[in-house]
Amino acid sequence: MSRDHVQPAERSAAQAGAPLSSVDAAPSSVDAVPSSAEAPFLELLARGASADAYEQPVLLARAEGRDTERIVALEQAKLLALRVRSELEGRRRREAELSALFETAHDLAGLRDLDAVLQAIVQRARSLLGTDVAYLSLNDPARGDTYMRVTEGSVAARFQQLRLGMGEGLGGLVAQTARPYVTDDYFKDERFQHTLAIDSGVRDEGLVAILGVPLMLGHHVIGVLFAADRRARVFEREQIALLGSFAALAAAAIDTANLLTETRSALADLERANEIIRDRSGVIERASDVHDRLAELVLRGGGVHDVAAAVSEVLDGTVEFKEATASPAGALEISRVEGHAVRHEDDWIAAVAAGGELLGALVLRGHPGLDPVDQRTLERAAMVTSLLLLARRSAAEAEQRVRGELLDDLLDARDRDPRLLRERAARLAADLDATHVVLAARLEATAADAEQEAAARRRLWSAASHLAATRHGLAAARDGGTVLLLPLEASDTATALARRAARHLGTAVHEAVTVGASAPVENLAAHPDAVAAAYEEGRRCLDALRLLGRSGEGAAAEDFGFVGLLLAGDRDIAGFVDRTIGKVVSYDERRGTDLLRTLDAYFACGMSPARTKDELHVHVNTVAQRLERVGRLLGEDWQSPARALEIQLALRLHRLSTPAQR
């Protein structure tokens, strides 16, 4: 539910001047208009009419001399219909964007031809952003420059063959800062270095407005994805984010292709090593035994210590797996750089590494004399160990992604087949038929820069994924934070679960984490829409905690009542309370009076002085005198429906933000 929407019962209470405690009895919405006024606009919505067409019913009514009430009703209906039309158009656009991203991810999953995947990414980016040209450049570390890899919509040969020095042009600015940059007039923009070659190519292509986003592998920029127009244009934030998503997919495609190449190279190295071993007739049997043992370990899912034990038997020595920090740093670095086992005193050390990352070491103890074949055996064991570690890491990351994908599908209601949803959840040891709570979690610390903020979010997502896996739930990164779907035990409550999650995640990431929880939800497989609604409820609780100065805590919707539905966004709670009832609060504090308590009782008793005096156990004249004082402090219109609603909300917020009420 959007934070701008208020439940119909609450709006009715505001219109009628009824107390908020009786909103369930309210009959209608304050925004409601006669059905006859809505009819022409519903027809316009049904046939997908242009925005201009929505003025016609109002103009026609005025031309016919209809009464003012009818024209006002038509104006309200027109505004409401235009809002619905805008929302529908936004959803269609987002659906098209998500569909394109899904199709691109599908292409990436079945990667066969890297050029074809990159071409598809550029084509879809150009189509969805509606630009004249889209293109992708990659860095060339060997030559120290960057070159055009894929273009779509380009007509200039010189532009398609551009090679740019590092730091030159808008692409150089993106590569240097690792951030998106946009210019609505390339030749007038002085933020980046202009060169004759680049400007000539851009001029040949006729480009004016250019948007560039970085292609990132880890913390490194490997290229830039561009979208450009031959006319002045302002790119919206959503378009920049969409191009960034395509850039992430392009970087993943390149990384996958590189990993495939590295894997083939590693397999080729293993095959060459086997050929060398077979040529050595004196050690063929032992080498074969090593190969069989390691292969068996890999097939049956053995661990790194199993590899060390198997190699110990073959080499007739003691082989141990050590963490990188527990191994001799000098010998370990030499082994990593050279790719061979090295001698350290009476031991041999083989680095366990992958892609330049040190994962640990295999250490052969007390065996100073080692022939080349045994040395190669130790090195191969280290390579197998690295593959096992990578496989374990990949499996864990894959499970986290699968859990996130299932939760994303539930939040977006993409998969509505209960049987398939249950099967997917069962493979992750989750039960969608159980009662669950949706938790929205967010870090409270402010990072120094975007890189640190991204790292902090990754830590939060990792901790949330681990918590979800151990609790047979689901977790996914969303809206700058993390969302969790956790089962609720029969004796547990949503509030207790939110508080435990806040403590657990805060301890895991060493930072304050605020957690908002929804009310319990059931039968998620049959009603996936309930997950999205529960997530919005959890987010509202999270926002309420932060606005009330309770960051780092956990709370559920049940802790806030209807106020939790109203609190969202960056609203000035203290300022609102002060503007609305600040004079009454100050008067009570200075005089020791009970005006606030009287106001609470007055609204709780349906704005009846007679019932209020019974509630307060005072004379009715006392109630009248206090209310008269309130009127002088707040103004004569304080009991009007609109003012009464604001005063009641301010009273509730004042109570919630008071420490004794937490």
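Every residue meeting the side-chain contact (heavy atoms from CB on, under 4.5 Å) condition with A534, not counting sequence neighbours, appears here in chain and number order: V438, S518, V521. In this structure H220 satisfies the ring-ring contact (aromatic ring centres under 6.0 Å, His included) test with no other residue, sequence neighbours excluded. Partners of E423 by salt bridge (Lys or Arg N to Asp or Glu O under 4.0 Å), not counting sequence neighbours, listed by chain and number: R419. Under the salt bridge (Lys or Arg N to Asp or Glu O under 4.0 Å) criterion, D184 pairs with no residue, sequence neighbours left out. D140 is linked by a salt bridge (Lys or Arg N to Asp or Glu O under 4.0 Å) to R163, counting only residues two or more places apart in sequence or in another chain. For S265, the side-chain contact (heavy atoms from CB on, under 4.5 Å) partners two or more places apart in sequence, or in a different chain, are D269. Residues passing the ring-ring contact (aromatic ring centres under 6.0 Å, His included) test with F192 are Y186, H194, sequence neighbours excluded. Listed by chain and residue number, nothing satisfies the ring-ring contact (aromatic ring centres under 6.0 Å, His included) test with Y54 (two or more places apart in sequence, or in another chain). Checked against side-chain contact (heavy atoms from CB on, under 4.5 Å), S551 has the following partners two or more places apart in sequence or in another chain: E444, T514, R546. Residues satisfying the side-chain contact (heavy atoms from CB on, under 4.5 Å) criterion with L162, sequence neighbours excluded, are M148, F159, L164.
Side chains of V122 and L225 form a contact here, defined as non-hydrogen atoms less than 4.5 Å apart. Taking the side chain as every heavy atom from C-beta outward, R230 and V133 approach each other to under 4.5 Å. The shortest distance between side-chain heavy atoms of L173 and R179 does not fall below 4.5 Å. Side chains of L129 and L211 form a contact here, defined as non-hydrogen atoms less than 4.5 Å apart. With a 4.5 Å cut-off on side-chain heavy atoms, L474 and L410 count as touching. Looking at heavy atoms from C-beta onward, F226 lies out of side-chain contact with T131 at the 4.5 angstrom threshold.
The stretch residues 167-177 participates, sequence neighbours left out, in no side chain to side chain donor-acceptor pair (under 3.5 Å) pair at all. Here ring-ring contact (aromatic ring centres under 6.0 Å, His included) pairs that include residues 164-184, with residues two or more places apart or in two chains, number zero.
What you find for Q239 and V234 is that their closest heavy atoms are OE1-O, 4.2 Å. Between V437 and A517 the shortest heavy-atom distance is CG1-CB, 3.8 Å. Taking every heavy atom of both residues into account, V509 and V513 meet most closely at CG2-CG2, 3.8 Å. Contact record, V155 with E205: N-OE2, 2.9 Å, taken as the closest heavy-atom pair. Between V213 and P180, the shortest heavy-atom contact is CG1-CB, 3.7 Å. Residues L215 and A250 approach most closely at CD2-CB, 3.9 Å, considering heavy atoms.
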Under the criterion side-chain contact (heavy atoms from CB on, under 4.5 Å), I'd like the reasoning laid out for I222 against M216: C-alpha separation, chi angles, the key distance, then a yes or no. CA-CA 6 Å; I222 63 169; M216 304 289 296; over 6 Å; no

Could you go through L406 and L421, starting from their C-alpha distance and side-chain angles, then the distance that decides it, and tell me whether this counts as side-chain contact (heavy atoms from CB on, under 4.5 Å)? CA-CA 8 Å; L406 176 55; L421 287 173; 4.0 Å; yes

side-chain contact (heavy atoms from CB on, under 4.5 Å) between D189 and I210: does it pass, once the steps are laid out? CA-CA 11 Å; D189 200 326; I210 303 176; over 6 Å; no

V531 and H436: CA distance, side-chain angles, deciding distance, side-chain contact (heavy atoms from CB on, under 4.5 Å) verdict: CA-CA 9 Å; V531 180; H436 285 75; over 6 Å; no

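Of the possible polar contacts, none joining the S462 side chain to the R458 backbone as a donor-acceptor pair under 3.5 Å is found. A donor-acceptor contact shorter than 3.5 Å is absent between the side chain of S137 and the backbone of Y147. Not one N or O on the side chain of Q123 forms a donor-acceptor pair closer than 3.5 Å with the backbone of E152. One N or O on the side chain of N139 and one on the backbone of V221 form a donor-acceptor pair closer than 3.5 Å.
A distance of 11.0 Å separates CG in D199 from CG in D204, rounded to the nearest 0.5 Å. To the nearest 0.5 angstrom, L486 atom CG is 5.5 Å from L467 atom CG. Atom CG of residue L485 and atom CZ of residue R471 lie 11.0 Å apart, to the nearest 0.5 angstrom. Distance CG/L249 to CZ/R124: 9.5 Å, rounded to 0.5 Å. Atom CG of residue L411 and atom CZ of residue R478 lie 4.5 Å apart, to the nearest 0.5 angstrom. L207 contributes atom CG, which lies 11.5 Å from atom CG of D185 (distance to the nearest 0.5 angstrom).
Salt-bridge formation is detected for the pair E75/K78: a Lys NZ or Arg NE/NH1/NH2 atom is positioned less than 4.0 Å from an Asp or Glu carboxylate oxygen. In this structure, D417 does not pair ionically with R424, as no charged nitrogen and carboxylate oxygen lie closer than 4.0 Å.
More than 12 heavy-atom neighbours from other residues, nucleotides or ligands sit within 6.0 angstrom of CZ on R191.
Partner of E511 under the salt bridge (Lys or Arg N to Asp or Glu O under 4.0 Å) criterion, out of R457, R442, R459: R459 alone.
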